[in-house]
Amino acid sequence: MTKNHKEDSNMRMRKALALTMVTAMTLSLAACGGSDDKSTSGGGTTGSTSSSSAGGDDAQEGGVKSYADLELGKDFTDLKVKISVLNHRTDLSSDDYGGVTWKEYLENFNKDYPGIEVDMNTDTDYGEDSLVHLQSGDYETVMMIPTLDAADLSTYFMPYGDLETMKTQINYAQATQYDGQVYGVPSTANAQG
């Protein structure tokens with residue numbers, strides 16, 4: 001197996017893991033809202049990171065299903081890997097949090113994906129620290145997208161699909177799109193009016 005083939009294989013595995021994790025976590029977070037209303041409040045967009053530029057890669061390229069085609073609880077259930085997640089929701093790490101904690105989310109996630117070990121990391125200064133993580137080149141598998149120029153999205157994050165498709169799957173798809181590709185899935189959103 002050549003180095004490039006091995007890197008391509010690793011990239012496909014990372015894409016599958018990231019898509020699966022983000023889909024599961026997003027649906028879990030959305031389910032906690034208890035509302036069929038499509039508007040949500042709060043903030044944060046989850047993106048799957050890449051150690052190399054994803055620049056325009058199609059999410060289905062290399063045999064990895066797109067976000068729109070992923071069947072939660074059916075696809076990739078046999079994966080065995082350790083991934084890391086970085087987010088700003090430090091409150092969900094507390095045992096006295098009044099809602100569903102990260103520990104509970106991960107227990108539910110592992111019912112369908114028992115072979116995926118998730119190292120959950122939260123950060124109280126996420127806005128600054130996440131940029132340091134990205135710029136260091138040593139960053140987590142899945143993380144919330146920090147404030148950065150849209151043109152830089154493909155440098156750090158893999159696309160979930162094209163904007164037209166993703167608009168049928170999620171609200172606020174345009175928030176993390178660049179050049180027709182969507183790089184993040186909102187866990188919550190803030191709409192003013």
Side-chain angles (χ1 to χ4, degrees), residues 10-11 13-30 32-33 40-57 59 64 67 81-95 97 99-106 109 113 116-161 163 166 169-179 181-192:
N10 287 338
M11 181 60 99
M13 174 69 87
R14 288 181 67 139
K15 283 183 180 183
L17 290 171
L19 283 169
T20 302
M21 180 70 180
V22 169
T23 302
M25 301 288 289
T26 302
L27 292 177
S28 297
L29 288 169
C32 289
T40 57
S41 62
T45 303
T46 307
S48 57
T49 57
S50 169
S51 59
S52 62
S53 174
D57 284 353
V64 175
Y67 182 93
V81 70
K82 181 175 182 178
I83 64 172
S84 58
V85 175
L86 179 64
N87 69 84
H88 65 284
R89 291 297 306 268
T90 58
D91 54 336
L92 274 66
S93 293
S94 175
D95 288 335
Y97 176 66
V100 180
T101 65
W102 283 126
K103 180 180 176 183
E104 293 168 306
Y105 279 126
L106 294 176
F109 175 77
Y113 300 96
I116 301 176
E117 181 183 341
V118 180
D119 180 23
M120 182 64 68
N121 301 290
T122 60
D123 191 323
T124 56
D125 191 14
Y126 189 84
E128 291 298 318
D129 292 344
S130 60
L131 293 174
V132 172
H133 285 235
L134 288 174
Q135 292 169 354
S136 75
D138 183 25
Y139 44 90
E140 291 74 9
T141 314
V142 177
M143 63 187 294
M144 306 304 281
I145 296 177
T147 302
L148 52 91
D149 190 276
D152 292 331
L153 288 170
S154 67
T155 301
Y156 302 111
F157 299 95
M158 296 180 295
Y160 287 101
L163 180 60
M166 292 301 290
Q169 301 294 309
I170 61 172
N171 292 318
Y172 306 102
Q174 71 283 357
T176 57
Q177 74 87 26
Y178 181 73
D179 201 22
Q181 294 293 310
V182 176
Y183 292 90
V185 176
S187 61
T188 56
N190 185 16
Q192 297 179 8

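Worth saying up front: this structure is predicted, and the values here are computed from it rather than measured.
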Which residues share a side chain to side chain donor-acceptor pair (under 3.5 Å) with [X], sequence neighbours left out:
{"X": "Asp119", "result": "none"}
{"X": "Glu117", "result": "none"}
{"X": "Ser94", "result": "Asp96"}

From [X] atom [atom1] to [Y] atom [atom2], the distance as rounded to the nearest 0.5 Å:
{"X": "Met144", "Y": "Thr176", "atom1": "CE", "atom2": "OG1", "value": "10.5 Å"}
{"X": "Leu148", "Y": "Leu134", "atom1": "CG", "atom2": "CG", "value": "7.0 Å"}
{"X": "Tyr183", "Y": "Tyr156", "atom1": "OH", "atom2": "OH", "value": "13.5 Å"}
{"X": "Met143", "Y": "Leu86", "atom1": "CE", "atom2": "CG", "value": "5.0 Å"}
{"X": "Met120", "Y": "Lys103", "atom1": "CE", "atom2": "NZ", "value": "13.5 Å"}
{"X": "Leu92", "Y": "Thr101", "atom1": "CG", "atom2": "OG1", "value": "7.0 Å"}

Side-chain ([X]) to main-chain ([Y]) donor-acceptor, under 3.5 angstrom:
{"X": "Gln135", "Y": "Val132", "value": "no"}
{"X": "Tyr139", "Y": "Leu131", "value": "no"}
{"X": "Thr90", "Y": "Thr122", "value": "no"}
{"X": "Thr141", "Y": "Ser84", "value": "yes"}

Heavy-atom nearest pair, Gly127 first then Pro146, reads O-CB, 4.5 Å
Using 30° and 60° as the class limits, which term best fits the ring planes of Tyr113 and Phe109: parallel, tilted or perpendicular?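 Because their plane-to-plane angle is under 30°, the rings of Tyr113 and Phe109 count as parallel.
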So Gln177 and Val182, do their side chains get closer than 4.5 Å, heavy atoms only?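 A side-chain contact exists here, since the closest heavy-atom pair is under 4.5 Å.
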Quick one: are Arg89 and Tyr97 in side-chain contact, heavy atoms under 4.5 Å? yes
Is Asp138 atom CG crowded by more than 12 heavy atoms from other residues, nucleotides or ligands, each under 6.0 Å away?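 No - once you tally the heavy atoms of other residues, nucleotides and ligands closer than 6.0 Å, there are 12 at most.
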Trp102 and Val118: CA distance, side-chain angles, deciding distance, side chain to side chain contact (heavy atoms under 4.5 Å, CB included) verdict: CA-CA 10 Å; Trp102 283 126; Val118 180; over 6 Å; no
